[in-house]
Amino acid sequence: MEKAPQESGIRKASGPRRVLAATRYSLQGLVRLWGEEAFRTEVVAFALGLLLFVVIDAELYQYLIFVILMLLLFCVEALNTAIEELVDRISPEISTVGRHAKDLGSFAVFCLLCVNGLFVLWCLCDRLWQG
């Protein structure tokens, strides 16, 4: 009989070792995500957005909101990539369910891209109207 995941016999680290292990896994995820052209493009957009905020002399709260929105975008991009990898592994053949899963992940990224773009546009218009 196959063991349930919690009965696998693998001892999980605890305390500071767990934090170090989690950090290592996160960095491995970042390295994997860096392999995605979409993510690299989003990082460039982040840098350009910060530069634009400097040019328009944005308020501190606008920087904060922009950074939070971009971090959310990076999170959703990571989840979308994870979904794509799982679908490709579990169902390498073309399937409607797999296509839907990938399309839904892509739509989530698209929604956050729109939110980020609208926020930057709002900040730009706000600064231009203030004079």
Side-chain angles (χ1 to χ4, degrees):
M1 176 179 244
E2 191 172 329
K3 292 182 179 181
Q6 61 269 32
E7 301 171 7
S8 67
I10 297 173
R11 289 185 30 188
K12 291 188 176 187
S14 62
R17 292 183 66 173
R18 184 179 179 106
V19 173
L20 289 174
T23 301
R24 187 177 75 244
Y25 300 145
S26 296
L27 291 175
Q28 289 170 346
L30 176 60
V31 168
R32 167 58 191 93
L33 194 56
W34 189 256
E36 294 292 316
E37 185 177 352
F39 178 69
R40 292 191 309 270
T41 302
E42 292 160 1
V43 170
V44 169
F46 179 48
L48 291 175
L50 288 175
L51 182 62
L52 175 65
F53 277 40
V54 169
V55 169
I56 67 171
D57 194 28
E59 299 286 336
L60 180 60
Y61 79 90
Q62 293 173 321
Y63 279 99
L64 182 61
I65 292 171
F66 180 65
V67 168
I68 290 169
L69 286 174
M70 289 304 295
L71 288 174
L72 284 171
L73 176 62
F74 297 159
C75 290
V76 172
E77 186 66 56
L79 292 171
N80 182 46
T81 300
I83 290 168
E84 289 177 353
E85 286 203 1
L86 283 172
V87 167
D88 290 345
R89 172 78 170 124
I90 294 168
S91 179
E93 72 282 350
I94 303 295
S95 73
T96 302
V97 173
R99 189 183 81 241
H100 287 170
K102 288 182 171 188
D103 289 349
L104 289 167
S106 179
F107 178 68
V109 171
F110 175 76
C111 288
L112 265 173
L113 285 169
C114 290
V115 168
N116 287 352
L118 288 171
F119 179 72
V120 169
L121 185 61
W122 176 80
C123 290
L124 184 59
C125 291
D126 182 57
R127 285 319 227 177
L128 292 175
W129 287 328
Q130 285 184 1

Undergrad: Rounded to the nearest 0.5 Å, what separation is found between the CG atom of N80 and the CG atom of L112?
TA: 11.0 Å
Undergrad: Rounded to the nearest 0.5 Å, what separates atom OG in S95 from atom CD1 in I90?
TA: 10.5 Å
Undergrad: Side-chain heavy atoms under 4.5 Å apart, restricted to Ile/Leu/Val/Met/Phe/Trp/Tyr: what other residues fall into the cluster of L118, or is it alone?
TA: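 Once heavy-atom contacts under 4.5 Å are chained together, L118 still belongs with nothing else.
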Undergrad: Should D88 and K102 count as side-chain neighbours, where that means a heavy-atom distance under 4.5 Å?
TA: yes
Undergrad: Following the transitive rule for hydrophobic clusters with a side-chain heavy-atom cut-off under 4.5 Å over Ile, Leu, Val, Met, Phe, Trp and Tyr, establish whether L79 and L71 coincide in one cluster.
TA: no
Undergrad: What distance do D126 atom CG and I56 atom CD1 have between them, rounded to the nearest 0.5 Å?
TA: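 Answer rounded to 0.5 Å: 8.0 Å.
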Undergrad: For atom CG of L121, is the number of surrounding heavy atoms from other residues, nucleotides or ligands below 6.0 Å larger than 12?
TA: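 Enclosed.
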Undergrad: Pair up each side-chain donor or acceptor in residues 63-70 with any protein partner under 3.5 Å, not counting sequence neighbours, and list the distances.
TA:
residue: Y63; atom: OH; partner: F53; partner atom: O; Å: 3.3
residue: Y63; atom: OH; partner: V54; partner atom: N; Å: 3.1

Undergrad: Can you tell me how far apart CG (L124) and CZ (F119) are? Round to the nearest 0.5 Å.
TA: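 If we round to the nearest 0.5 Å, L124:CG and F119:CZ are 11.5 Å apart.
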Undergrad: State plainly whether one hydrophobic cluster holds both L52 and W122, where clusters connect Ile, Leu, Val, Met, Phe, Trp and Tyr through side-chain heavy atoms under 4.5 angstrom apart.
TA: yes
Undergrad: Atom CG in L73, atom CZ in F39: separation rounded to 0.5 Å?
TA: 9.0 Å
Undergrad: Is there a path from V120 to V44 through hydrophobic residues (I, L, V, M, F, W, Y) whose side chains come within less than 4.5 Å of each other?
TA: no
Undergrad: Does the Q62 side chain pair with the main chain of E59, one donor and one acceptor, at a distance under 3.5 Å?
TA: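 Looks like yes, one N/O pair under 3.5 Å.
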Undergrad: Got E93 and S91 here, is their nearest side-chain heavy-atom distance under 4.5 Å?
TA: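 They are in contact (side-chain heavy atoms under 4.5 Å apart), so the answer is yes.
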Undergrad: Apart from V87 itself, what residues make up its hydrophobic cluster, given side-chain heavy atom links below 4.5 Å?
TA: I83
Undergrad: Might you work through the side chain to side chain contact (heavy atoms under 4.5 Å, CB included) test for W34 and V43, ending with a clear yes or no?
TA: CA-CA 9 Å; W34 189 256; V43 170; 3.9 Å; yes
Undergrad: Show me, pair by pair, the donor-acceptor contacts under 3.5 angstrom made by side chains of residues 19-33, not counting sequence neighbours?
TA:
residue: T23; atom: OG1; partner: V19; partner atom: O; Å: 2.8
residue: S26; atom: OG; partner: A22; partner atom: O; Å: 3.0
residue: R32; atom: NE; partner: E85; partner atom: OE2; Å: 2.4
residue: R32; atom: NH1; partner: E36; partner atom: OE2; Å: 3.1
residue: R32; atom: NH2; partner: E36; partner atom: OE2; Å: 2.8
residue: R32; atom: NH2; partner: E85; partner atom: OE2; Å: 2.5

Undergrad: Is there a donor-acceptor pair under 3.5 Å between the side chain of R127 and the backbone N or O of D57?
TA: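 Side chain of R127 to backbone of D57: a pair is present.
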Undergrad: Give the other cluster members for F110, using side-chain heavy-atom distances under 4.5 Å between Ile, Leu, Val, Met, Phe, Trp and Tyr residues; answer none if it is isolated.
TA: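 Listed partners: F107.
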Undergrad: Could you tell me which residues satisfy side chain to side chain donor-acceptor pair (under 3.5 Å) with R40, sequence neighbours excluded, listed by chain and number?
TA: none
Undergrad: What's the separation between atom OG in S106 and atom CG in L113, rounded to the nearest 0.5 Å?
TA: 9.0 Å
